[in-house]
Structures are given as C-alpha cells and as structure tokens.
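For reference, the structure discussed in these notes is given below.
Just the heavy atoms: all of them, side chains too, but no hydrogens, waters or symmetry mates, feed the values below. Residue numbers begin at 1 in each chain, while the letters A, B, ... track the order of the sequences.
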There are 2 protein chains.
Amino acid sequence: MSEETTLAQPQPVRKQQQRSIVTQQKLLDAAIEAFSENGFKGTSTRDIAARAGVHHPLITYHFKNKDQLWRAAADHIFSAFTRSLSKSLEENRNMDAKKRMSAMIYAYVNYAKSQPALHKVMVQEASCPSPRLEWLIDTHLKPFFEASFSLLGELQDLGIAPAGNPALLFNMIRLSSGGLLALGNELKESSNIDIEDPRTLDEIAAMIIRVFLPGEMPAAAAKAS
Amino acid sequence: MSEETTLAQPQPVRKQQQRSIVTQQKLLDAAIEAFSENGFKGTSTRDIAARAGVHHPLITYHFKNKDQLWRAAADHIFSAFTRSLSKSLEENRNMDAKKRMSAMIYAYVNYAKSQPALHKVMVQEASCPSPRLEWLIDTHLKPFFEASFSLLGELQDLGIAPAGNPALLFNMIRLSSGGLLALGNELKESSNIDIEDPRTLDEIAAMIIRVFLPGEMPAAAAKAS
DNA sequence: ACACTTTTTGTCCAGACTGGAAGAATTACA
DNA sequence: TGTAATTCTTCCAGTCTGGACAAAAAGTGT
C-alpha cells in the first residue's frame with residue numbers, strides 16, 4: 001500500500017517494465033503539482049497527463065481512477081516526509097531533547113520548502129470531512145504527530161517550551177514552518193519575504209526555535225533526556 | 001469597488017430592489033463557502049447557485065462572471081476582516097503596545113474561526129502568481145500588514161516580542177491563528193483539538209500571546225507606547 | 001524467432017461545465 | 001393604475017470532464 005509500482009494490476013506475471021515505472025513517476029510528480037495548485041476537484045486528469053507529457057488514459061491504466069491517483073500521490077509525498085523526519089530523529093537519538101526538536105524543525109522547514117504541496121493538500125482537504133482526509137491522517141499524520149507531542153511535553157517539563165496543550169503548541173510550530181512556506185508567492189508580495197533565498201529558510205527555522213523553545217537545557221540533563 | 005450592491009450595472013436609473021440585494025448576499029455567502037472548500041477552479045458557478053438556492057444565470061446578471069464573483073466574495077470577507085481588526089486597534093488606542101497586540105490577536109482568532117475561508121482562500125491562491133492574488137494583496141493585505149509590522153517592531157524594541165524580522169514574526173502569528181483554524185476538521189482527528197469548543201479559541205489566543213509576546217511591559221512605558 | 005504480456009495509443013461516450021440569449025415575471029415610480 | 005426598468009427563468013452552444021474500450025506497439029522470456 002505504501003509503495004509505488006504495481007498499483008493497479010493484481011499480480012503481474014512478468015516483471016514491470018522500466019518505461020512503466022517512469023510513466024508512473026511522471027504521473028505522480030505531475031499529480032502532486034496539479035493537486036496542490038488546484039485541489040482535488042479543480043484538477044482534471046487531462047491536466048495531470050499533460051503536465052506529465054503522457055496520454056490521459058494512462059492514468060486509468062496505472063492508477064485505476066482519479067481518486068486512487070490522488071492517494072498514490074499523497075502517499076508518495078507523505079511517506080517521503082515522515083521518512084525524512086524519522087531520519088532526523090534517528091540521527092539525533094543521542095542528543096538532548098532540545099537538539100532533537102531543533103533538528104526536526106530544520107528538517108520540517110527544509111522538506112516543506114522542497115514540497116510545499118504537503119501543507120497545501122492538507123488545507124484543501126481539511127475543508128470538509130472526506131474519506132481522503134481520514135485516510136491521510138490515520139496513515140501518515142497520527143503516528144508522527146503523537147511522537148512529536150510527547151517530545152514537546154518533555155521540553156515543556158524541562159521549562160524549555162512554553163506551557164499549554166502540547167498538541168496545540170506542536171501545530172503552531174507546524175504551521176509556522178510548513179504553513180508559512182506554503183504561502184510562497186504571497187509572502188514575497190505582502191511581506192517582502194523571499195522563500196527562494198536559502199538564508200530565509202535558516203532564518204525561519206532559527207526564529208521558530210527562538211520563539212517556541214526559548215529555554216536552555218539544564219546542564220545536568222544535557223546528555224540524556 | 002469595495003462595496004457590494006450595484007456591481008454589474010453601470011448606473012441604475014431606479015434604485016436596486018430588495019430581492020436583488022438578498023440574491024446578491026445569498027450568492028456571496030454561497031460563493032465564499034464553495035470557493036473555500038474547492039478553490040477557484042474546483043468550484044462551478046452552478047454549485048454556487050445551487051447552494052444559494054438560485055438559478056445560475058443570476059450570477060451572470062449580478063456579477064458578470066465567475067472571476068468577478070470571486071473578487072466580490074473575497075472583497076466581502078476581507079473588508080469585514082480588516083474592519084474588525086481596525087476596530088480592535090481603534091478601541092485599544094490608549095492601551096499599551098502589548099495590550100493592543102493582544103487584543104488584535106484575539107480579534108484575529110475570533111474572526112478566523114467565524115470565517116475560515118479567509119486563510120483557505122489565501123493558501124489556494126498562493127500556489128501560483130495570479131491576478132486575483134495580486135489584487136487581494138494590494139487591496140486588503142498590505143495596508144493592514146504594514147501597520148502590524150511596525151506594531152510588532154515596537155514590541156521587539158521593548159523586549160516583549162522575540163527578535164528577528166518582524167514581518168516573519170507577524171506571519172507566524174498569523175498562521176498560528178488563522179492557519180490553525182483553517183485546518184478545522186484535521187485538528188480534531190489528528191490532534192484531538194476541537195475548535196468548535198469556545199474555550200479552545202481562548203486557549204489558542206492565550207498561547208499565541210504567551211509564545212510570541214513573552215515579555216512584560218516595563219512600568220514606565222505602560223501608559224503611552 | 002516466437003508467442004505472449006505489458007504498456008501505450010486513438011477514439012468514443014454520457015454527463016457536467018461556462019457563458020450567454022431571449023423572453024417572462026416582477027417591481028418602482030409617475 | 002399603467003408602463004418602463006429591473007430581476008428572474010428557460011433555454012441553447014460549445015467545451016471540458018472522468019472513464020471505457022479495442023487495437024496497436026513495445027518489451028519479455030523461452
């Protein structure tokens with residue numbers, strides 16, 4: 001379920017051809033782009049096919065229908081996202097809680113920049129309850145969120161993060177990074193913030209840490225949390 | 001340009017009829033709802049008309065076309081929004097800077113709850129540069145944003161708000177309130193946050209103030225900023 | 001080289017879409 | 001009350017939608 005290739009066909013007798021993998025990848029990339037620009041309803045399968053440089057009936061062939069294509073595309077970016085964040089947590093396993101959280105914030109900001117669709121898709125789907133939204137939350141968001149809540153709780157106990165509902169706090173962090181970067185063009189015009197400038201990304205991450213994790217780690221707890 | 005009624009016709013010889021005003025209002029409300037759910041491309045004029053309980057050619061009659069209807073609808077909520085925030089600033093003109101900013105945050109959170117379209121529309125339009133986006137920024141966002149930047153700068157000088165680019169800081173505040181509330185359904189599922197509960201709104205506003213305005217006003221500067 | 005499978009292409013469909021035309025109904029005002 | 005402007009309704013044309021299908025092409029494995 002969580003991997004691409006061999007999505008539509010039940011059990012291929014022969015191995016999947018290279019060109020088929022390429023087509024699927026092109027369709028997924030195009031789908032992410034299109035869906036994040038125009039939402040699910042606002043995107044036509046023909047538009048996706050055109051962006052991918054491919055004939056539109058190939059969508060039916062590879063992904064069965066528009067809904068399945070959406071799921072595959074969302075799965076694609078969200079698993080890459082959680083993979084990237086898990087990796088960051090993994091690499092900093094031995095660091096103290098503040099360093100771990102900071103590293104995660106940097107990872108979040110960078111991934112959100114490279115894939116703003118991540119947040120746009122959420123906003124578009126969050127409008128009204130839909131099977132797509134539910135699937136997305138259960139499959140990708142919940143596990144990662146719950147881990148973050150507890151890490152934040154830890155930081156609150158240490159007096160590093162401000163008090164209050166950690167879930168709320170986490171979502172504010174999430175919006176200050178992912179939500180901010182999703183606004184892209186608007187920020188340039190309205191606030192003279194250029195997210196294309198790599199220094200801006202560091203500035204954003206640094207500010208999030210300054211704002212949401214203002215405390216310092218006590219020397220005693222600096223090694224193990 | 002900034003007011004509804006008499007949008008399509010050049011100069012009506014007779015005054016506008018009551019039923020016409022009602023129809024326009026119903027169409028505007030329906031349009032806001034529909035556009036915020038499905039984006040510009042994803043919304044059909046027929047859908048809007050159906051939500052408004054009105055025949056679809058009335059859109060042509062009252063607003064000329066889909067694009068003009070979008071502009072009228074956006075104008076509607078954004079001018080109500082800036083009006084609401086200006087009122088808050090006005091009422092607290094004599095208070096100190098922190099109180100003024102706090103009041104604005106409360107106003108922002110409350111308006112974003114009652115009109116989540118405000119933020120959804122921005123995210124949907126921010127995807128790619130569009131004449132609609134530019135118009136929205138120039139007409140409604142920029143004036144209000146610039147006032148906020150300078151108020152925030154003031155708070156930074158007083159050591160109340162964290163240091164850094166005030167424009168960035170302001171946008172984080174904006175996303176932590178408006179962006180958060182736009183996620184509505186998702187938060188309930190993913191983070192067990194119920195934005196329908198009025199206490200949640202207070203909790204959000206209080207947390208934003210705690211996080212973004214952690215300093216206290218110096219006694220000397222408490223009266224005049 | 002061959003038969004057989006996977007992948008792509010071209011074409012078609014029924015329904016929904018936008019924008020607009022034209023006439024009927026309603027209302028304002030003298 | 002009569003009539004002319006305003007508002008609403010009914011229809012149509014041309015385009016786009018998601019999806020279906022057969023036939024062609026390309027690749028696989030023996």
Side-chain angles (χ1 to χ4, degrees), chain A residues 4-31 34-35 37-74 130-132, chain B residues 4-28 30-31 34-35 37-73 130-132:
Chain A
E4 297 77 36
T5 69
T6 71
L7 277 164
Q9 290 67 31
Q11 56 235 30
V13 177
R14 292 186 183 178
K15 77 168 184 185
Q16 188 182 31
Q17 298 178 17
Q18 192 58 34
R19 59 179 180 156
S20 152
I21 298 176
V22 171
T23 302
Q24 290 189 351
Q25 192 58 54
K26 282 195 288 189
L27 279 172
L28 284 176
D29 291 342
F35 281 132
E37 270 179 32
N38 298 316
F40 182 78
K41 272 188 71 178
T43 302
S44 76
T45 54
R46 287 173 149 84
D47 178 27
I48 295 173
R51 288 175 197 242
V54 141
H55 287 243
H56 83 268
L58 283 182
I59 289 176
T60 314
Y61 177 70
H62 285 288
F63 299 95
K64 191 155 186 80
N65 58 32
K66 189 177 164 182
D67 197 89
Q68 292 296 314
L69 172 58
W70 186 92
R71 281 178 147 79
S130 82
R132 287 194 302 279
Chain B
E4 298 77 38
T5 70
T6 72
L7 276 163
Q9 288 69 31
Q11 57 235 28
V13 177
R14 293 186 183 177
K15 79 168 184 186
Q16 188 182 31
Q17 297 178 17
Q18 191 57 34
R19 57 176 180 160
S20 153
I21 298 175
V22 171
T23 302
Q24 289 188 352
Q25 193 56 55
K26 282 195 288 187
L27 279 172
L28 285 175
F35 283 132
E37 270 179 33
N38 299 316
F40 183 78
K41 273 189 70 179
T43 302
S44 76
T45 53
R46 285 174 146 81
D47 178 26
I48 295 173
R51 287 176 197 242
V54 142
H55 288 255
H56 83 266
L58 284 183
I59 289 176
T60 314
Y61 177 69
H62 286 287
F63 300 95
K64 191 154 186 80
N65 58 32
K66 189 176 161 183
D67 197 88
Q68 292 298 314
L69 172 56
W70 186 91
R71 280 178 147 79
S130 83
R132 287 193 303 278

Self-check item: Nearest-0.5 Å distance, CG of residue A/N38 to CD1 of residue A/I48
Solution: 9.5 Å
Quiz prompt | D/dC8 OP1/OP2 closer than 4.0 Å to side-chain N/O of B/T23 | solution = yes
Quiz prompt | With sequence neighbours excluded, residues passing salt bridge (Lys or Arg N to Asp or Glu O under 4.0 Å) with A/R51 | solution = A/E33, A/E37, A/D47
Practice problem: Please name all residues satisfying side-chain contact (heavy atoms from CB on, under 4.5 Å) with A/T45, sequence neighbours left out, ordered by chain then number. | Solution: A/I59, A/K66
Quiz item: Any idea which of D/dC8, C/dT7, C/dG19 is nearest the B/N65 side chain?
Solution: C/dG19
Quiz item: Just how far, in rounded Å, is P of D/dT7 from OH of B/Y61?
Solution: 4 Å
Self-check item: A/Q24 CD - C/dT6 C1' separation (whole Å)
Solution: 12 Å
Quiz item: D/dT7 phosphate, OP1 or OP2: any side-chain N/O from B/S20 under 4.0 angstrom?
Solution: yes
Quiz item: Just how far, in rounded Å, is P of C/dT6 from CD1 of A/I21?
Solution: 14 Å
Could you pull out the protein-nucleic contacts involving nucleotides 22-27 of chain D (nitrogen or oxygen on both sides, under 3.5 Å)?
residue, atom, partner, partner atom, Å
D/dG27, N2, A/R14, NH1, 2.4

Quiz prompt | Integer-rounded Å distance: C/dT26 P and B/L58 CG | solution = 14 Å
Find every protein N or O atom lying less than 3.5 Å from an N or O atom of nucleotides 12-17 of chain D, and list the pairs.
residue, atom, partner, partner atom, Å
D/dT17, OP1, A/S44, OG, 2.9

Self-check item: Separation of D/dG18 P from A/N38 CG (nearest whole Å)
Solution: 12 Å
Quiz prompt | Atom pair distance, as rounded to whole Å: CZ in B/F63 and P in C/dG19 | solution = 14 Å
Quiz item: In whole angstroms, how far is the C1' atom of C/dT6 from the NE2 atom of A/H62?
Solution: 9 Å
Self-check item: Non-neighbouring partners of B/H56 that pass side-chain contact (heavy atoms from CB on, under 4.5 Å), sequence neighbours left out
Solution: B/R46, B/A49
Self-check item: Contacts of B/A52 that satisfy side-chain contact (heavy atoms from CB on, under 4.5 Å) - sequence neighbours left out
Solution: B/K26, B/L27, B/A30, B/V54
Practice problem: Would you please name every residue forming a side-chain hydrogen bond (donor to acceptor under 3.5 Å, both in side chains) with B/T23, sequence neighbours left out? | Solution: none
Practice problem: Would you tell me if any nitrogen or oxygen in the side chain of B/H55 comes within less than 4.0 Å of OP1 or OP2 on D/dC8? | Solution: no
Self-check item: Residue B/T60, side-chain atoms from C-beta onward, closest of D/dC8, C/dG10, C/dG20
Solution: C/dG20
Quiz item: Would you call the rings of B/F40 and B/F35 parallel, tilted or perpendicular, where under 30° means parallel and over 60° means perpendicular?
Solution: parallel
Quiz prompt | Partner set under salt bridge (Lys or Arg N to Asp or Glu O under 4.0 Å) for B/D67, not counting sequence neighbours | solution = B/R71, B/R132
Self-check item: Residue list, side-chain hydrogen bond (donor to acceptor under 3.5 Å, both in side chains) with A/S20, at least two apart or on another chain
Solution: A/Q16
Quiz item: Between A/Q25 (CD) and C/dT7 (C1'), how many Å, whole number?
Solution: 17 Å
